Student: 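Take a look at the following structure, please.
The chains referred to below are lettered A, B, ... by the order of the sequence lines, with proteins before strands, and numbering in each begins at 1. Just so we're clear, the structure is a prediction, and the values are computed from it rather than from any experiment.
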Amino acid sequence: MPASGDTTTFKGSYPFKEIDEKWRRYWEDNNLHKTDFSKTDNKLFSLVMFSYPSGDNLHVGHWYAFALPDTWTRKKKMEGYNIFEPMGFDSFGLPAENYAVKTGIHPAVSIAENIKIIRRQLKEIGAMYDWTSELATSDPRYYRWTQWLFLNFFEKGKAVRKEAPVNWCPSCKTVLANEQVINGACERCDTLISRKRLKQWFLSITEYADRLLDGLDKIYWPEKTKTMQRNWIGRSEGAEIVFSEEKSGEKIPVFTTRADTLFGVTYLVLAPEHPLVEKLTAPDRKKDVDAYIARTQAISEIDRQSTVGEKTGVFIGSYCLNPINGTRIPVWIADYVLYSYGTGAVMAVPGHDNRDWEFATKFDLEIKQVIKPSNNSEIDLDKGAFTEYGVMTNSDKFDGEKSSSGMRKVAESLKSLNAGDFKVSYKLRDWLVSRQRYWGAPIPIIICEKCGDVAVPEDDLPVLLPDIVDFKPASDGSSPLAKSSEFVKTNCPKCGGEARRETETLDTFVDSSWYFLRYLDPEFEGGPWNPDLVRKWLPVDMYIGGAEHSVMHLLYARYFCMFLNDCGLIDFDEPFLKLRHQGMITNKGAKISKSRGNVINPDHLVSRYGSDTFRMYLMFMGSYAHGGDWDDSGINGIARFLGRVYRLVTQTTDSVKKIINVSYSNIKNNDHDLNYRLNLTIKRVGNDLDNLEFNTAVAALMELVNDLYKLMESKSKSSDLFHFSIKQLILLIAPMAPHLAEELWQMIGGKPSVFAQSWPTYDNSALRLATVTMVVQINGKLRGSFDVPVDCDEESLFELASNDERIKAHLEGRTIRKRIFVPGRLLNIVIG
RNA sequence: GCGAAAGUGGCGGAAUUGGCAGACGCGCUGGAUUUAGGAUCCAGUCCCGCGAGGGGUGGGGGUUCAAAUCCCCCCUUUCGCACCA
């Protein structure tokens, strides 16, 4: 096993150094990976999620994410597709900014350096990237259009400003990202965080909730990803019910999916952040209420949803009336109610909801039964809530209604009282895109005292990031951009009066929601994308990236497309027709990152084993969707295998030159085993690569090579079929080991590039076997196996089996109860 | 907590989707080889047992002629949870 950093060439390797360089130069010199956009027949846009150019550079996880999709794409190329495979950088974001705060190095500088290194590493992968399409989201030529797109949302009323809380460190006086909050405290100074309310920009993704759900039915995505998106959107049908405070008459709407339990409401709970809390708190309760609110501020929403911890809450000293019967009920606040979901208030029905039951039990609140089981059985509400559907009881004129019809009737009744209605609620919230940070696209809005929020005129885009030196957020919670008065001071485009610029920047998810559109011409000046090319080349045919993006990025990008489609800017509304995920590569069980100190540098492995060996080892490690923990102890096996392939070709040197001319139809074939193996391999490798099952594709090739080695010493070595098999092997291995395949292809007399060749097809007739091994079981246990003709029927196999000594012994003195025969597979004899 | 997945030899993983568990590779063992070595080629390698045979896919139960695969319960691990990207 190589010590890490050992770059001595593995002894069993082929001369990969020369080969890798030679072919990489060949591809580059001949512009082989430049897409011809005018050829749109059989177009295939193959996309991988672009990477953040961090100081970690590329690690093995990136190779895994990039090299293997390239193998899939190269196979498609050999199938005749006209390929577009771009690469770029998601270069705005927090890490570069943090690095700048620490070192004083401008993010633009560190990002440019990182990109330089990463670009060099990416080239070593040997992928078919069309580098003329490279883009970076922090490039003003890119973010000019991010801003332009934001203004489209703004002008259609879909970018709005609302108050929303941010994590606030009272000691550092800065806004913190969730990542910077550790156990409710600031990562730098350990001070407990609080929430600060700021007016921030939102994109109204919730308006698209139903379309985002419906669209899932027409795209080829993993079912689990669709499920996650459906759950994230979280559509639920129910009712909104309006309670009113007894003195002020203040309306408190709540959302419930169980309107049938309305008569069981014994208290109301508001989220601690609910704006009505202040108004409704009785003076004598103010001290307790304020103390409670302060306590909940440091608790994350995730922890608040936990059901293991003790329920907490306080009574705020006021009462409201149940609209259905006027019952007077107390109002509480509790952190198990989230302001971000529903209306931020719930009607508590402790008899029929678990969380309400726990809360009521702890605080000694009334528990009322209003639903009884459909089978009329007794329930004991002292032991817990009855949460199932049933029949309404203690509910006045609704008594006897089933839950389902009851919900409807209660809602209708409330509607006539003007105190509620049917309502669909979503877990999905509007997308907060404001960031109080430097390293992002400035939000192109001018705030004028007279005219309000005004869009920056299109001709003035991009709003360039000011060149400042202090990247720390300002102490009032505003963005570092606010410190540059030069940036802030401007005139209102409408009235011409003095105005100030919006100083917040856009969430980087905005940048990455449309990059696939920009790829087609990153230099295009006439708009965010070249409409001609976009019409021909989008949507993306295959998108590959990590499952960690299942909801946010993948939902935002879909939302963008739907919106752009509505604006008439594009003619499709789903960006990614087909989606696949790769698993995650961990190291010692942990996510790979510089901060954890477990980065594995692929450069060492590439220089010791070569690009193709490393790429193929990543394929062979396990199933692509699964990922796995990094361990390089098996890479010798792939190095050995590619060495064997290389020698297989060089050791047939006497006849090597004529190999290129053998064709299957002229072969006088008498080696049925090899013929079977060859055609089976073509079939398996093709299917496996289509399905991104690289590990088994490699295994299939190994089996073919093992068989060929077994024939090396025999006279078959010079047969046409043997030679043809080598030729096909080179084609099959090409997507996985592109540099080596080019070299071998040339060696057998082929003209480069091997990727201009057609993908091998298999001969189905060669796969039809004359004989097959069938198994005989007794009571499901294997007792014998027989080589029989493929069409062997039950009687013949049974006859054969009953003459077998071993099986005879098992059958002796027993009665046969049943026989199960599966043609071509097995016979199971069930005995008593 | 909620949502989504995963669990198979010493290790990474296969298994045509209910039909011979362990393909392929690593590691290990043995053999071959006058370039003696981190190379190459060949053979063996799930566990217990001399053997017949038995056991075996995280644990427990179930369905079935037949279960890694389907159903129920439990355990463990990973990913996401809206300001990391």
Side-chain angles (χ1 to χ4, degrees), chain A residues 1-2 6 8 10-13 49 51-52 54 90 92-95 98 166-167 175-181 222 224-225 227-228 230-232 234 300-309 336 340 355 427-437 507-509 512 546-553 555 581 583-584 586 589 591 593 617 620-623 625-629 631 633-638 640-641 643-644 647 684 687 695-696 698-703 706 709-710 712-713 773-777 779-782 784-785 806 809 817-820 822 825-826 828-830:
Chain A
M1 196 194 309
D6 181 355
T8 331
F10 177 70
K11 285 260 166 56
S13 289
M49 291 180 186
S51 68
Y52 182 80
S54 74
D90 191 11
F92 269 139
L94 194 59
N98 287 342
V166 293
N167 299 317
V175 176
L176 300 177
N178 285 344
E179 197 188 45
Q180 298 171 303
V181 179
K224 58 171 184 172
T225 311
T227 306
M228 275 201 242
R230 286 189 190 108
N231 292 335
W232 182 263
S300 74
E301 284 208 353
I302 292 173
D303 291 334
R304 282 171 59 172
Q305 288 166 62
S306 165
T307 53
V308 277
Y336 77 90
S340 53
R355 288 176 312 174
K427 285 208 182 84
L428 181 69
R429 320 206 284 251
D430 275 338
W431 175 12
L432 198 168
V433 295
S434 290
R435 296 293 180 270
Q436 295 73 35
R437 309 212 169 262
D507 176 11
T508 55
F509 275 127
S512 57
E548 67 273 21
H549 292 291
S550 290
V551 275
M552 306 183 71
H553 162 62
L555 197 67
H581 299 296
M584 187 177 289
T586 55
K591 225 171 167 171
S593 76
Y617 178 59
F620 193 55
M621 269 177 56
S623 84
H626 215 158
D629 204 46
D631 175 9
S633 62
I635 195 170
N636 285 0
I638 296 293
R640 221 170 262 157
F641 170 65
R644 270 161 81 80
R647 289 188 296 276
R684 284 173 62 189
N687 288 343
N695 52 340
T696 46
V698 175
L701 287 178
M702 285 173 166
E703 288 179 60
N706 288 345
Y709 261 74
K710 279 174 197 145
M712 282 287 270
E713 298 310 313
T773 304
M774 286 189 70
V775 162
V776 174
Q777 300 176 329
N779 285 351
K781 285 193 191 290
L782 176 69
S785 62
R806 203 170 145 211
R817 294 221 171 130
K818 202 173 178 181
R819 294 195 316 221
I820 284 108
V822 184
R825 285 197 205 283
L826 57 74
N828 188 11
I829 304 168
V830 185

Student: Can you measure from OG (A/S550) to NZ (A/K224) and round to the nearest 0.5 angstrom?
Tutor: 6.5 Å
Student: Would you say a side-chain N or O of A/R819 is under 4.0 Å from OP1 or OP2 of B/C65?
Tutor: no
Student: Is there a side-chain polar atom (N or O) of A/K818 under 4.0 Å from OP1 or OP2 of B/C65?
Tutor: yes
Student: Kindly give the heavy-atom pair with the smallest separation between A/W232 and A/M552, and that separation in Å.
Tutor: CZ2-CG, 4.3 Å
Student: Mind checking side chain to side chain donor-acceptor pair (under 3.5 Å) for A/T773 and listing every partner two or more places apart, or none if nothing turns up?
Tutor: A/D787
Student: Atom CG of A/N636 to atom P of B/G38: distance rounded to whole Å?
Tutor: 12 Å
Student: List in chain and number order the residues that pass side chain to side chain donor-acceptor pair (under 3.5 Å) with A/Q777, two or more places apart in sequence or in another chain; answer none if no residue qualifies.
Tutor: none
Student: Out of B/A6, B/C24, B/C65, which has the shortest distance to the side chain of A/H626?
Tutor: B/A6
Student: By ring pair (Phe, Tyr, Trp, His ring centres under 6.0 Å), which residues pair with A/Y617, not counting sequence neighbours?
Tutor: A/W630
Student: Measuring only the C1' atom in each nucleotide, how far is B/G44 from B/G25? A whole number of Å is fine.
Tutor: 16 Å
Student: Taking only N/O atoms, report every protein-nucleotides 79-85 of chain B pair under 3.5 Å with atom names and distance.
Tutor:
{"unit_1": "B/G80", "atom_1": "OP1", "unit_2": "A/K591", "atom_2": "NZ", "d": "2.9"}
{"unit_1": "B/A82", "atom_1": "O5'", "unit_2": "A/N178", "atom_2": "ND2", "d": "3.4"}
{"unit_1": "B/A82", "atom_1": "N6", "unit_2": "A/K427", "atom_2": "O", "d": "2.7"}
{"unit_1": "B/A82", "atom_1": "N1", "unit_2": "A/R429", "atom_2": "N", "d": "3.0"}
{"unit_1": "B/C83", "atom_1": "OP2", "unit_2": "A/R435", "atom_2": "NH2", "d": "3.1"}
{"unit_1": "B/C83", "atom_1": "O4'", "unit_2": "A/R435", "atom_2": "NE", "d": "3.2"}
{"unit_1": "B/C83", "atom_1": "O4'", "unit_2": "A/R435", "atom_2": "NH2", "d": "3.3"}
{"unit_1": "B/C83", "atom_1": "O3'", "unit_2": "A/N178", "atom_2": "N", "d": "3.3"}
{"unit_1": "B/C83", "atom_1": "O2'", "unit_2": "A/N178", "atom_2": "N", "d": "2.4"}
{"unit_1": "B/C83", "atom_1": "O2'", "unit_2": "A/N178", "atom_2": "OD1", "d": "3.3"}
{"unit_1": "B/C83", "atom_1": "N4", "unit_2": "A/Q200", "atom_2": "OE1", "d": "2.8"}
{"unit_1": "B/C83", "atom_1": "N4", "unit_2": "A/Q436", "atom_2": "OE1", "d": "2.8"}
{"unit_1": "B/C84", "atom_1": "OP2", "unit_2": "A/N178", "atom_2": "N", "d": "3.4"}
{"unit_1": "B/C84", "atom_1": "OP2", "unit_2": "A/E179", "atom_2": "N", "d": "2.7"}
{"unit_1": "B/C84", "atom_1": "O4'", "unit_2": "A/E179", "atom_2": "OE1", "d": "3.3"}
{"unit_1": "B/C84", "atom_1": "O4'", "unit_2": "A/E179", "atom_2": "OE2", "d": "3.2"}
{"unit_1": "B/A85", "atom_1": "OP1", "unit_2": "A/L94", "atom_2": "N", "d": "3.1"}
{"unit_1": "B/A85", "atom_1": "O5'", "unit_2": "A/T508", "atom_2": "OG1", "d": "3.3"}
{"unit_1": "B/A85", "atom_1": "O3'", "unit_2": "A/D90", "atom_2": "OD2", "d": "2.3"}

Student: Kindly give the atom pairs (protein nitrogen or oxygen, nucleotide nitrogen or oxygen) under 3.5 Å for nucleotides 20-23 of chain B.
Tutor:
{"unit_1": "B/A23", "atom_1": "O2'", "unit_2": "A/E703", "atom_2": "OE2", "d": "3.3"}

Student: Please state whether the rings of A/F509 and A/H549 are parallel, tilted or perpendicular, taking 30° and 60° as the class boundaries.
Tutor: perpendicular
Student: Any idea which heavy atoms bring A/T508 and A/D90 closest together, and the distance?
Tutor: O-OD1, 4.3 Å
Student: Among all residues two or more places apart in sequence or in another chain, which pass the side chain to side chain donor-acceptor pair (under 3.5 Å) test with A/N178?
Tutor: A/N167
Student: Can you list the stems that include RNA chain B, where a stem is three or more consecutive Watson-Crick or G-U pairs with distances under 3.5 Å?
Tutor: B:1-7 with B:75-81, B:10-12 with B:24-26, B:27-32 with B:40-45, B:46-48 with B:53-55, B:58-62 with B:70-74
Student: If you look at every strand shown and take non-hydrogen atoms under 4.0 Å, does A/N231 touch a base, only sugar-phosphate, or nothing?
Tutor: sugar-phosphate
Student: Considering every strand and a 4.0 Å limit on heavy-atom distances, what is the contact class for A/R647: base, sugar-phosphate, or nothing?
Tutor: sugar-phosphate
Student: Residues two or more places apart in sequence or in another chain: which of them pass ring pair (Phe, Tyr, Trp, His ring centres under 6.0 Å) with A/Y52?
Tutor: none
Student: Rounding to the closest angstrom, what is the interatomic distance between B/A32 and B/U69 at atom P?
Tutor: 46 Å
Student: I'd like the C1' distance from B/G56 over to B/U35, given in whole Å.
Tutor: 47 Å
Student: Between A/N779 and A/K710, just flag the one whose closest nucleotide in RNA chain B comes earlier from the 5' side.
Tutor: A/K710
Student: Roughly how far, to the nearest 0.5 Å, is CD of A/E703 from CZ of A/R684?
Tutor: 4.5 Å
Student: Can you find a side chain N or O atom of A/K781 that sits less than 4.0 Å from OP1 or OP2 on B/G55?
Tutor: yes
Student: Go through the structure and list residues passing salt bridge (Lys or Arg N to Asp or Glu O under 4.0 Å) with A/R647, not counting sequence neighbours.
Tutor: none
Student: Figure out the CZ/P separation between A/F641 and B/C26, and round it to whole Å.
Tutor: 11 Å
Student: N/O contacts under 3.5 Å, protein versus nucleotides 31-33 of chain B?
Tutor:
none

Student: Can you name the ring pair (Phe, Tyr, Trp, His ring centres under 6.0 Å) partners of A/W431, sequence neighbours left out?
Tutor: A/Y556
Student: Who passes salt bridge (Lys or Arg N to Asp or Glu O under 4.0 Å) against A/R230, sequence neighbours left out?
Tutor: A/D217, A/E223
Student: Quote, to the nearest angstrom, the C1' distance that separates B/A5 from B/C20.
Tutor: 30 Å
Student: Taking the P atom in each of B/G55 and B/A21, what is the distance between them to the nearest angstrom?
Tutor: 12 Å
Student: Indicate, with a heavy-atom threshold strictly under 4.0 Å, whether A/N706 touches base, sugar-phosphate, or nothing.
Tutor: sugar-phosphate
Student: Quick one: A/R806 CZ to B/A52 C1', roughly how many Å, whole number?
Tutor: 10 Å
Student: Restricting to non-hydrogen atoms, name the atom on A/R806 and the atom on A/L782 that form the minimum distance, rounded to 0.1 Å.
Tutor: NH2-O, 3.9 Å
Student: Minimum heavy-atom separation for A/M774 and A/V822, please, with both atom names.
Tutor: CE-O, 3.6 Å
